[in-house]
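Order of the sequence lines sets the chain letters (A, B, ...), proteins ahead of strands, with each chain counted from 1. Fair warning: this is a prediction, and the values are worked out from it, not measured in the lab.
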Amino acid sequence: MATYDTLNAEQYEAVTTTEGALLIIAGAGSGKTRVLTHRTAYLIEEMGINPYNIMAITFTNKAAAEMRERIDQMVGFGSESIWVTTFHSTCVRILRRFADRIGFDTSFTIYDADDQKQVMKEVCKSLEIDTKIYKEKMFLNVISSAKDTLTDPTEFALSATGDYARQRQAQVYREYQAVLKKNNAMDFDDLIMKTVELFKADLEVLDYYQERFKYIMVDEYQDTNTAQFELIRLLAGKYGNLCVVGDDDQSIYKFRGANIKNILNFEQYFPQAKVIKLEQNYRSTQNILDAANHVIAHNIGRKQKALWTEQDAGEKIHFKQFDTAYEEADYVAVDIEKQVRAGGSYSDSAVLYRTNAQSRMFEERFIQENIPYKLVGGVNFYARKEIKDILAYLKTIDNAKDDLAVKRIINLPKRGIGAASINKVQTFANEQEMSFYDAARIAEEIPGLGRGAAKITPFVTFIQTMRSKAKFLGVAELIRNIIADTGYVRELEAENTPEADARIENIDELISKAVSYEESTEAPTLSGFLEEVALVADIDDVVEGSDYVVLMTLHSAKGLEFPNVYLAGMEDGLFPSYMTIISDNSEEEMEEERRLCYVGITRAMKRLTITSAKMRMVRGETRFSKVSRFVSEIPMHLMNGTVATGKSIPKQVQEQKTSPYANTAKQILRSKPAAPVPIKVFSTEATNQMSLSYHEGDRVQHIKFGEGTVLSIVAGGRDFEVTVDFDRFGTKKMFASFAKLKKV
DNA sequence: CCTACTACGCTTTTT
DNA sequence: GCGTAGTAGG
């Protein structure tokens, strides 16, 4: 049984207002997840609502998983029948069941950004568009925003009259959709748009889901786009019990179609709507909140609110300006060490920046200092070449309906099947109106293919063999079979480069992912695995009890909190970005950047450090910048700021930057940092040492320092502290989970 | 058909 | 500065 007396007055009201439309404006750190979970419990326990009729919808898998866990804890019986998912997986589930009612096969495939670009290339070619002038990406952006606003190709064309460029775009849009349809595929935006289309076209289906989801809750509502708004409006259309939670000040995804009007005009869409503001913050000190409040107050189009806390003023905000980005990273590294020595842990700290490119400097410095870190974001794991290759094999084995996947691997490894042969097969497939793979299966019958057919047949045989194996092998075992039979990993091993090693590591990680999928799923299937992977942005192996500094962009930081935060690279031109400053509607875009700054500041619980550099390398050229305008929006009296005196770059460091070890440093950067060892598993010192592959006195290999001898292994608070005497670098202490030492 | 070199692109990006 | 994609030449 849940208790509600720990809630404050506004939270309590939000929890107990169960009927009708409800807008909860939840400031940063005001306990909105708590409200949502308590509200769910309240609906079931106090209002007697069937859990089956409740839906909680979020944007990220991570947010959904977190909500699921907290709801499970609180609700107990029946909690598994509550629908807690992301927008996209909701739509996939609906479409997998009813997509045939809008002319799709329910086994449609989902195209990611990479696939979209591939399709767009085809489209541009067939429409004879010069991609040197009109970029594929531009068309994809245009199409994506059209879909975000539920504009179909016909409507788009209508709005394009008299504008040649837009007419051309309309043509591309139409053709792009035709190719997707032909491939029985949908892109991410289609998932939402087609579901709306389905609801509008088939009232029976709509009614079915309206009856199912009588109580709907939407998290991060400020990030919904027009299509998503329409989706939930339709779902809530019958019972009208719609509760949305958001913070207009944290809307940072306008560039992806988020429509801030959804939250600003909620009361117009739902005139009976009740509005509750949560302004008490339970996260940060008063100084941090004051800084955030002052910055965000510079925005005009927002709902008035001010965060307050019962906490003390706390530390002042630290501000430092450095000469170079290197000194900035150096300062942050040293400061983190200082915090840890003072009794903190690494996981208390996070470094936040505007662009992913900024992470490199910190990574290099952290490796040198032996600071364990975890990089969040960057290149999406599932978008990596080697992963997409293996997945293309799996897709082809599962059902070869995805032409793109088949074409990707038909000549990988090299089977002597070139562009000419592939084109002939494709042409034949188009003529016969069959899939590319089906055409390849009867390669002998394709006119003009000649000797090419003899090269295609073994490939088809291989897939057919794998297909029969797939019936009794698990996914992980199937992947192992694929890499063994194709020699994929063997080829990489032969390359013997750090890059190739990193790719092999990634493939191993995919296998682990498959293993954990099989373990965690009741009836694991190949299709099921592919489905899960298609809707996951990145593998998130946050190990409980692990200890590392987190590095990520401000965008990724939304929804998180850390005791000690560094906002790095606070420079005009970087943050706010140059693009924003020179933009045509600079005013509006500046407000979005400012909201991003607000998000950054409000991540900090106790300690906030803002840093900037006068000089920084951006895309190979040195750039000089002033301190970000956002810094001057923070009142001076809240800051404890100095401009660092021109300390020059230490010589040793300059040497290291161009040292022969630069390559190995690169290798570390390329592969994902090793998942830190969870401590709870080991209890005694004996098992500690047994769990490592080396012991005291062993010779070990370190990726940067080379070979050395292990002097001691000590079970430190959270990890094993290993002392190694390196042949060339002397004695170093390092954490076992981070140093990746290998016995030699 | 395969390889090696050049050229281009580049803010953020929950799916 | 870096990584991928496209193309010229073998």
DNA chain B: 5'-proximal contact among A/Ile252 and A/Phe59 (nearest heavy atom):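 Checking each residue's closest nucleotide, the 5'-ward one belongs to A/Ile252.
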A/Asp189 or A/Arg619: which one's nearest nucleotide on DNA chain B is closer to the 5' end?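 Taking each residue's closest nucleotide, the earlier one in sequence belongs to A/Arg619.
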Interatomic distance, [X] [atom1] vs [N] [atom2] [rounded to whole Å]:
{"X": "A/Lys558", "N": "B/dT11", "atom1": "NZ", "atom2": "C1'", "value": "17 Å"}
{"X": "A/Ile192", "N": "B/dT14", "atom1": "CD1", "atom2": "P", "value": "14 Å"}
{"X": "A/Lys137", "N": "B/dT12", "atom1": "NZ", "atom2": "P", "value": "9 Å"}
{"X": "A/Tyr253", "N": "B/dT11", "atom1": "OH", "atom2": "P", "value": "16 Å"}
{"X": "A/Asn506", "N": "C/dG3", "atom1": "CG", "atom2": "P", "value": "13 Å"}
{"X": "A/Met570", "N": "B/dT11", "atom1": "CE", "atom2": "C1'", "value": "15 Å"}
{"X": "A/Tyr382", "N": "B/dT13", "atom1": "OH", "atom2": "P", "value": "18 Å"}
{"X": "A/Leu412", "N": "B/dC2", "atom1": "CG", "atom2": "P", "value": "11 Å"}

Would [X] and [Y] count as having a side-chain donor-acceptor pair, cut-off 3.5 Å?
{"X": "A/Glu571", "Y": "A/Ser612", "value": "no"}
{"X": "A/Gln116", "Y": "A/Gln118", "value": "no"}
{"X": "A/Gln222", "Y": "A/Asp247", "value": "no"}
{"X": "A/Tyr488", "Y": "A/Asp389", "value": "yes"}
{"X": "A/Thr85", "Y": "A/Thr90", "value": "yes"}
{"X": "A/Ser586", "Y": "A/Ser583", "value": "no"}

Electrostatic pair A/Asp148-A/Arg256, nearest N-O below 4.0 angstrom: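 No salt bridge links A/Asp148 with A/Arg256.
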Pair A/Arg360 + A/Glu363: basic N to acidic O under 4.0 Å: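 No, no charged N to carboxylate O under 4.0 Å.
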From C-beta outward on [X], which listed nucleotide comes closest to its side chain: [options]?
{"X": "A/Arg256", "options": "B/dT14, B/dC10, C/dG3", "result": "B/dT14"}
{"X": "A/Ser421", "options": "B/dT14, B/dC1, B/dC10", "result": "B/dC1"}
{"X": "A/Thr355", "options": "C/dT4, B/dT11, B/dT14", "result": "B/dT11"}
{"X": "A/His555", "options": "B/dT12, B/dC1, B/dC10", "result": "B/dT12"}

Under 4.0 Å from OP1 or OP2 of [N]: is there any side-chain N or O of [X] that close?
{"X": "A/Thr86", "N": "B/dT14", "answer": "no"}
{"X": "A/Ser556", "N": "B/dT12", "answer": "no"}
{"X": "A/Asn411", "N": "B/dC2", "answer": "yes"}
{"X": "A/Asn356", "N": "B/dC10", "answer": "no"}

Examine [X] together with [Y] and report whether their ring centres are nearer than 6.0 Å.
{"X": "A/Phe139", "Y": "A/Tyr176", "value": "no"}
{"X": "A/His298", "Y": "A/Tyr598", "value": "no"}
{"X": "A/Phe59", "Y": "A/His88", "value": "no"}

With a 4.0 Å heavy-atom cut-off, tell me which residues in residues 573-601 of chain A come close to DNA chain B, sorted by residue number.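 Residues of residues 573-601 of chain A that come under 4.0 Å of DNA chain B are, in numerical order, A/Ser577, A/Met579, A/Thr580, A/Glu593.
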Short N/O separations, protein against nucleotides 5-10 of chain C, under 3.5 angstrom:
residue	atom	partner	partner atom	Å
C/dG6	OP1	A/Lys121	NZ	2.3

In B/dT12, glycosidic geometry as syn within 90° of 0 or anti otherwise: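 In terms of base orientation relative to the sugar, B/dT12 is anti.
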Under 5.5 Å centre to centre and under 30° between planes: does that hold for A/Phe255 and the six-membered base ring of B/dT12?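 Yes; centroid distance and tilt both under limits.
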Reckon A/Ala420 touches a base, only the sugar-phosphate, or nothing at all at heavy-atom distances under 4.0 Å?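 Sugar-phosphate contact only - A/Ala420 comes under 4.0 Å of backbone atoms but never of a base.
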